[in-house]
Structures are given as structure tokens and as C-alpha cells.
Amino acid sequence: MEQYSVAIDRKWQRRWEDTGLYTFNPDRVDEKYYVLSMFSYPSGSRLHVGHWYNFGLTDSWARIKRMQGYEVFQPMGFDAFGLPAENYAIQTGIHPKESTWANIETMREQLRAMGGMFDWEYEVVTCDPDYYCWTQWLFLALYNAGLAYRAKAPVNWCPDCQTVLANEQVVEGTCERCDSPVIHRSMTQWFLRITDYADRLLEGLDDLDWPERTKEMQRNWIGRSEGAEIRFPVEGEAVFIDVFTTRADTLFGANYLVLAPEHPLVSRITTAEYHARVSAYIDRAARKSELERTSLEREKTGVFTGGYAEHPLSGERIPIWVADYVILSYGTGAVMAVPGHDERDHEFSTKHDLPIPRVVTSVNRDEAPLPFVDDGVLVNSGDFDGMDSASAREAITAELETRGLGKATVSYRLRDWLVSRQRYWGAPIPMIFCPECGEVPVPEADLPVELPDVVDYAPEGRAPLESAPEFVHTRCPECGGDAERDVDTLDTFVDSSWYFLRYPDNHNTDAPFSRAWIDRMLPVDQYVGGVEHAVMHLLYARFINMVLYDLDFVGFPEPFRALTHQGIILGPDGRRMSKSRGNVVSPDDYIADHGSDVFRMYLAFGFNYVEGGAWEDEGIRATARFLDRVRRWVATMAEENTTTDAGIEGEAEAALEYVMHQAIARITADAEVFQFNTCVARMMELTNALYRYAGVVDDGQRNGALLSEATRTLLLLMAPFAPHFAEEMWERIGGTYSIFDQPWPTWDPDKLTLDTVEIAVQVNGKLRATVTVPSGATEEEVEAAARANERVAGHIEDGVRRVIVVPDKLVNFVT
RNA sequence: GCGAAGGUGGCGGAACUGGCAGACGCGCUAGAUUUAGGAUCUAGUGGCCUUGCGCCGUGCGGGUUCGAAUCCCGCCCUUCGCACCA
């Protein structure tokens, strides 16, 4: 019989396509199961191992759901806007539209070759005007709801990509995409009010079936922190400096204030005498990259402004400083410095010879060395002396509140989402600026605002769309006068923040999707993708979905019910695959050699799905051998039709049946939790059991019905993981097309126990023997059997004080 | 520094609510078979020795328990995330 190979892949791919096997049937929406892999960027290179690991095994999971009777909805699409196509265009002159659509075509073919169960009728491509029309609609929906606003603010600027970035796209002070150091710039940009949703994004996490670490990452990113806002009146000016602190209990230890260099009050507070020094300092701080400002060997620099504020409780005069260890974007951009009880303030005070008073002692009142940052008992704090830190926080905040100089408040680390990008290959922001009417949204009827083809997309610090006058110049929708379009494009994370809503209704031309339909198709039942999107995409998508929920466009607040992250497949050297290291494993070579199912099944077998790990060539050969072992078995079954004696029920038959039912039960359970490696192990065990049976029982004596059932079961269990192979084997044993229309095998709980079980016999917790007893034997029977064992007898001669019996497991004699 | 996850044979990795550690596979050893094979089959494979009814073994040290990879306490190490967050 012919060996499994890519030729068989092709045969079944064609057959599946010809028969429309994977066409989603909307009539069965009540049985729908929405399985989603994070769609990918259509890069010019071939599908890599990571794609296979994500798409291939998610497809296997989906196939199980299909066989379990669900109407599986598993769409595929492309996150097609973005920088690589644009950078490629700058290098080669090939238009992003051209290269992107060419890449999409290649990727579609490769995804077909993978044997994915995708229904391409539901494809989504984010750079298609039919799609980004609705991305723009989404932006306007947020705008109309007051959730999109334009503001001048210090933003992260990547000098290399020549665009601003969202906070989430800055990693350790560098650009997430190109690793260049990010600098701060003040620019007028569009923001989405994700901070309005901070608390709900936090609370919503509790009910999601997501990896705990991912939820934790989102919680940390949102960074909710309870504290107090405290007002310090500025001496000689009718203004206040508000600070945020979580340690209101240390207020009496605050002996100066620090403003971030970008703080709006700096110039007003700085006295003439100090003006030169302060502005020089601010200039220097502005030029520093984010990386420098936050680098580990940072030194606490800062200058005095000459200004003073009044302590809200003690009335003391306290100096105001400017220092770049305070960041504008957190809290109020100003802090009260408490050098005795904060490490940073302590370091700063030491460096600048400022006094360091103590206002908290440890709980047993000893003079713990400063800075003492733990909670303790208050001293030198007027009426609050003797209070513990926790009560003092409340008492001091209450006191401030009565004086109108403070209140309890909550601060977040999360910032509003900056969505403007000074790049070409993205969805234009549908806004118009009119000299008369100001900012005017593009009317919905005029959408999409199409991206013009002809522009100079080499960035020179301004948006490429500026170079297309026919795009820029337009009429004001309100007054009809001359006006200009916004020349920035939307962050591609906006495109991907709602694509899962578009899939089920991707041909809708009247709306992004119809609510009635979308409410039946969503939420996504199982979402699978890389952990690198834990914040960013997954947070943005939740935010957008929640907004649409509030605006009554969808009926569910959370889009992704369950989430799994696949791990990362490393190179054979155990390091991340990269071209420069020369350790890249190319799926194509292996697939040409062994067929796609061998590749897929090795990915299932060789790794813990969530952890990933290093590639091993030996592993894929082992998998190829396994499939061939199954093939040989099927060949034998198909040829030797001599095992007809159906009625034999002996020990060998019981053993085979046991393994078969175990395999069904455990594969069903393990696959459910993405534990694919043990699923394959169980298939191997069943295969081994089949061979063993044939080895033990002579031809002619074999239980043909059982053999046939076990073989069919094996193929059914393998089918999701080796779809082409299983379909082929299924055909050869006379199964009806398609194996994926067969029900998932079920197990008989009665068959999960053997007639007899081996019991471990321990004496004082040490294994001394094993005895075989009928399964379900009573404690007395088990104990008697154990005592009867001669190896045990020697150890318990001196008497037994206690006996523990775990049914069907073990006996422990305590002497 | 803070937070999370994790340390199990030569390797990838198993082990349900505490109950025979090492499933399954790789590799290795011996044998069989074949003209050949990245083939197949059989047996073995955690370590140690004094080869026994033996001892020791899940990062290290304690503890709880009849019994601990699993639970508790204290360390060490690795990975990931955040990082002057006030």
C-alpha cells in the first residue's frame, strides 16, 4: 500500500474543496463553535513553524469539536496594514498594495496546503476598503460617543519608524518593532479613552477563562492604585500643585515637591533667578530618550525652581523642585517628596543635601534605618502621632478633605490609547479640519476615506499622505468651504481590535455587522495566539468590544470567552529561531519530505503546547515512523480478511478493549485542555495494543469485530491531528467519506477498569511487593491478599499497628 | 526591585482530588531479520553498590502525613512580564 506523502495531502485537499466539506452552515448556528487563531501579517516569506504551531493545532482542536457535533466556525484572514510593506516599498519601489496582495495570495495557498478547515467565504483583509471602511466607522462611533479626542501631549516618537507609538508599543524605552530608542515629543494626536474603561477592563478579567498570567499582565498594565490626591498651595501664586500619593500617612515627612520637567506649572513657579537653570534642565531632559531617562544607572538629577509651596497640614514652607525621575504621565505629574520613607526621594535628598525627617517608626517603635518604606507607626506628625500607617492614611485623607485640600482617589498606569500614526500603509483617520468649523468627522455616507495610491511614502518626519494634495484638500462637510483631511493613519491595532466581529458577517455592506447575527455567533469560544499580545491586542480588543457593547452594537461585553497561548518553538540549539543565527527550521522541507500531517503531528507530540521548546529532528522522524506503523497496520487489516471469528472474549480481547476505551477517554479529556502531546501518546499506545493483540492471538482466532472497531477508533482519534492521513486510511478500510463527518468515538466507563488490578503493597511507606486482586475488591480482601504475599510477610512479622487501604491502588502496613 | 510561572532520567516530556515516579517517544545496549535502508521486530534501559526481601532518587534544607514531584516554611536557580508608577 502506498506510503503517506504530500500527494495524499493534495488528493484530500482537492476533495475537501470540491465537496465543500468545511462550508459553515448558518442554519446550525445554535450548535456553533467559534474557534479563532490570531490572524497574521501577510509577510513575503513562507509560513514558519510558529504559524503551523498556532494554526495547525488550533485546527486540530477545531476538528475535534466538529466531530463532537459542533458547527465549527473557523475563519482566517490577514492583518494586512502595517510597516513592513511600507518599508519594503521604500526599498524597492513596489507599492504596498501590490506586495501585500501578492503575499496574501501566497499565504492562502500555504494555508490550504496545511489542510486547515478554514471557510474562505468568511475571509477578512484589513487593508481592503470593504474592511477599513468599517474601521473608520468604528473610529467615528467612538468619536461620536466622546471616546476619541485630539490633544497635544508628550508622545513616544520612534525616530527610525518616523511615527508616534502607543505606550503599549514601547518596550523598555525602545520601539517594539525596530528596537530604536524612543524619544518624547509634544504633538497633537488622536487618543481613545481607554482609561475610562480601566475599572471595567480590570473587573471583566475575573470571569474569563484565560491563562492566569495573561490576566495578571493586563492587571499590571492597567495598574490600579488607590491613594490620595493632595493639594499644595503655591506661595505667591493663585494655583495649587496636586500630587498623587499612596502614602498619605507620610505627609508630615514631605519636605519638598517635585514636578516632572514637562509639568505645565513649571514655568509659572520658577522664579526669575532660577529661570536659566530650570529651562536648561528641561531642555536636557527633553532630549533624553526614554531609554536614558529610565536606564538603570540613572542618577537622580534635578534643579530647584526658586518657588515654594505651603504644606497643607503643617503650613510649613516647602521648596519646589523639577526632576526627571518624576514622570508626567503617571498620577498628576508631581509628587510630594518624603525622603525618610521613599527610596527615590531619599536618594535625591542625599544627593542634594536636603533634610531627611522621620515620620514613621516600625511597629515596635524602634528607629529602623531610613529610608523606612514599610508601614509602621506615625511620629512627628502632629495629632496623628501614634496611629498605624493604615489608619493614618484614612485619617489624614479625611482631614485634608474637610479642608478642601485633598481627597481619596485612584490612579492608573494605563494611558489613553494613542492611535495616530504618521505612516502611509494604514486606514486614514476619517476626520476633516475646517478653518471655520474646526474638526469635523467625515459623514458615514462618505466612508471609506480611501487611501490614495500615489504618494511619496518615504517618511521625512511628516505623514506621507501630506504629499498627496488631492487627498489633503477637500470640502468641509458642514459649511462646504475649503478644508483639509487628517493625514495620519490609524494604528494597525485598531484594525485588529474588531476583526473577530467582522468575520461572521464579512460581506455586509450596510454595517460592520448585523447585531442580531453577531450576537448568535459570538463571543469567540476559543481564541488561540501568542502571549506577546497579552497587552496590546487583547486589551484593545476587549476595550473596543466593551465600547460597542455600551453603544448597543453588540450584546456581549467580552469578546473572547476562552484563550490559550501556544508556546514558542525554538531552534535545534534551544535559542529563538532567527535568520542571523542560522537555526531556522523551515516547514516546507519537512512537508515535502514527509507530508504535512507528520509535521503537524510532531508539533502536537513533541512539546507541551503552552510551553513550546527546542526543535528536534529525531522527533519528526519518530512521528513519521509512527504514521507508517499505523499505515502498515491498516494495510494488514485491509488485506487479511480472515479474522472473522467475532465472538471471542478472552484476556487478550479485554486488554485491547481496555486500551481502546482509555485512549478515547483520555484523548477527549486531554485535547480539551490543549494537552496534545499526551493525546498522541495514547494513540501510540492503542497502536501498540493492536500489534500486541495480533502478536498474541493467532490469525483465525482473532475477534474480527473488535479489531475492526479498534482500528476505526484509532483512525477517528488520529483524524484531527493527521487529517489527510486519516482520511486516506479511512477510505482504505472502507469508511464512508468523510471521516470528519463521523461522530467522535465514545467510551464505556465500565470498560475503563480491568478485571484485575495490581495493588502496591507498602510497609511503612516503602514499596515491598505488588499483588494482583480482582478490581473492586473490598479492603479486607485486599489486605488479606497483601498479607499472604511472602515478601510482605517478612516485613510485618513484628505486628501491624495500622493498615491503610486505597481501593484498587495500594495497601500500606504501618508497624 | 515588584509580580507571575517553573526546576522530574542522557534528551523531549508524563504523573487525576497526596497513593507503585519516569507514561509515550527519542537516544543508547543486546539480539533477530533483510540484497539494502533515515526500515522492521524482540528484550533491556533513573542512579549506586556488597546483586538484595538492598540503598538512594523529582533544585537545596526543614516540616506536616501511614504515605509528598504534589501540601506548608525558608533558601537557590531559570524563564517571562512590568520597571524611578510616587
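The analysis underlying the following values was restricted to heavy atoms, covering all of them including side chains, and did not include hydrogens, waters or symmetry mates. Letters A, B, ... mirror the listed sequences (proteins, then strands); counts begin at 1.
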Requested in this report: Output yes when at least one side-chain N/O atom of A:Arg625 is less than 4.0 Å from OP1 or OP2 of B:rA39, else no.
Outcome: yes
Query raised in the report: Hey, does A:Phe813 reach any base, or is it just sugar-phosphate, or nothing, if we go heavy atoms under 4.0 Å?
Result: nothing
Query raised in the report: For the side chain of A:Glu616, counting heavy atoms from C-beta on, which of B:rC11, B:rC20, B:rG3 is nearest?
Result: B:rC11
Query raised in the report: Base, sugar-phosphate, or nothing: which does A:Asp345 touch, judged by heavy atoms less than 4.0 Å apart?
Result: nothing
Report task. In whole angstrom, give me the gap between the C1' atoms of B:rG22 and B:rG27. Result -> 16 Å
Requested in this report: Would you indicate what A:Asn812 reaches in the nucleic acid, counting non-hydrogen atoms under 4.0 angstrom: base, sugar-phosphate, or nothing?
Outcome: base
Query raised in the report: Distance check: side-chain N/O of A:Arg632 vs OP1/OP2 of B:rC41, anything under 4.0 Å?
Result: yes
Query raised in the report: When you check the phosphate oxygens OP1 and OP2 of B:rA5, does a side-chain N or O of A:Lys215 lie under 4.0 Å from one of them?
Result: no
Report task. Could you tell me whether the side chain of A:Tyr609 and the main chain of A:Tyr53 form a donor-acceptor pair under 3.5 Å? Result -> yes
Query raised in the report: So, does the side chain of A:Lys809 form a donor-acceptor pair with the base of B:rC20 at under 3.5 Å?
Result: no
**Report entry** Note: A:Glu212-A:Arg219 ion pair, threshold 4.0 Å (strictly below)
**Finding:** yes
**Report entry** Side chain of A:Val326 - closest among B:rG12, B:rC66, B:rA86
**Finding:** B:rA86
Requested in this report: If B:rG18 has a Watson-Crick or G-U wobble mate with both distances under 3.5 Å, name it; if not, just say none.
Outcome: none
Query raised in the report: With both distances under 3.5 angstrom, what nucleotide forms a Watson-Crick or G-U wobble pair with B:rC75?
Result: B:rG59
Query raised in the report: Can you tell me if A:Tyr602 and A:Asp617 form a side-chain donor-acceptor pair at under 3.5 Å?
Result: no
Query - B:rC56 and B:rC71, which share atom name P, separated by this distance in whole Å - result: 24 Å
Requested in this report: For B:rA86, take OP1 and OP2 only and decide whether either is under 4.0 Å from a side-chain N or O of A:Arg247.
Outcome: no
Report task. Tell me whether the OP1 or OP2 atom of B:rA83 has a side-chain N or O from A:Arg413 closer than 4.0 Å. Result -> yes
Query raised in the report: Looking across every strand, which nucleic acid part, if any, lies under 4.0 Å from A:Glu758 by heavy atom: base, sugar-phosphate, or nothing?
Result: base
Report task. Establish, for the pair A:Lys300 and A:Tyr325, whether the NZ or CZ atom is under 6.0 angstrom from the six-membered ring centre and no further than 45 degrees off its axis. Result -> yes
Query raised in the report: Think A:Asn608 has a side-chain N or O under 4.0 angstrom from the OP1 or OP2 of B:rA14?
Result: yes
Requested in this report: Could you check which nucleotide pairs with B:rG1 in any of the strands shown, counting Watson-Crick or G-U wobble with both distances under 3.5 Å?
Outcome: B:rC82
Report task. Under 4.0 Å between any heavy atoms, over every strand shown, what does A:Gly606 touch: base, sugar-phosphate, or nothing? Just pick one. Result -> sugar-phosphate
Report summary line: When rounded to the nearest 0.5 Å, the distance separating CG of A:Leu686 from CG of A:Leu714 is 5.0 Å
Report task. Quick one: label A:Asp808 by what it contacts on the DNA or RNA (base, sugar-phosphate, nothing), any heavy atom closer than 4.0 Å. Result -> nothing
**Report entry** Phosphate OP1/OP2 of B:rC55 contacted by A:Arg768 side-chain N/O (<4.0 Å)
**Finding:** yes
Report task. May I ask which nucleotide in the shown strands pairs with B:rC53, Watson-Crick or G-U wobble, both distances under 3.5 Å? Result -> none
Report task. Would you indicate what A:Arg213 reaches in the nucleic acid, counting non-hydrogen atoms under 4.0 angstrom: base, sugar-phosphate, or nothing? Result -> sugar-phosphate
Requested in this report: Starting at atom CD1 of A:Ile759, determine the distance to atom C1' of B:rG19, rounded to an integer number of angstrom.
Outcome: 11 Å
Query raised in the report: Using a cut-off of 4.0 Å on non-hydrogen atoms, how would the nucleic acid contact of A:Gln762 be classed: base, sugar-phosphate, or nothing?
Result: base
Query raised in the report: Are the side chain of A:Arg415 and the backbone of A:Asn167 linked by a donor-acceptor contact shorter than 3.5 Å?
Result: no
Requested in this report: From the options B:rC66, B:rA39, B:rC84, select the nucleotide whose nearest atom is closest to the side chain of A:Val814.
Outcome: B:rC66
Report task. Please state whether the phosphate of B:rC16, meaning OP1 or OP2, lies under 4.0 angstrom from any side-chain nitrogen or oxygen of A:Arg666. Result -> no
Query raised in the report: So what does A:Gly333 hit on the nucleic acid, given a heavy-atom distance under 4.0 Å: a base, only sugar-phosphate, or nothing?
Result: nothing
Requested in this report: Cation-pi check, A:Arg631 to A:Tyr4: give yes when NZ or CZ is under 6.0 Å from the six-membered ring centre and within 45° of the ring axis, no otherwise.
Outcome: no
Query raised in the report: How far, in whole Å, is B:rC49 from B:rA39 if one measures between their C1' atoms?
Result: 40 Å
Query raised in the report: If we call it a pair only when both distances are under 3.5 Å in a Watson-Crick or G-U wobble match, what pairs with B:rG31?
Result: B:rC41
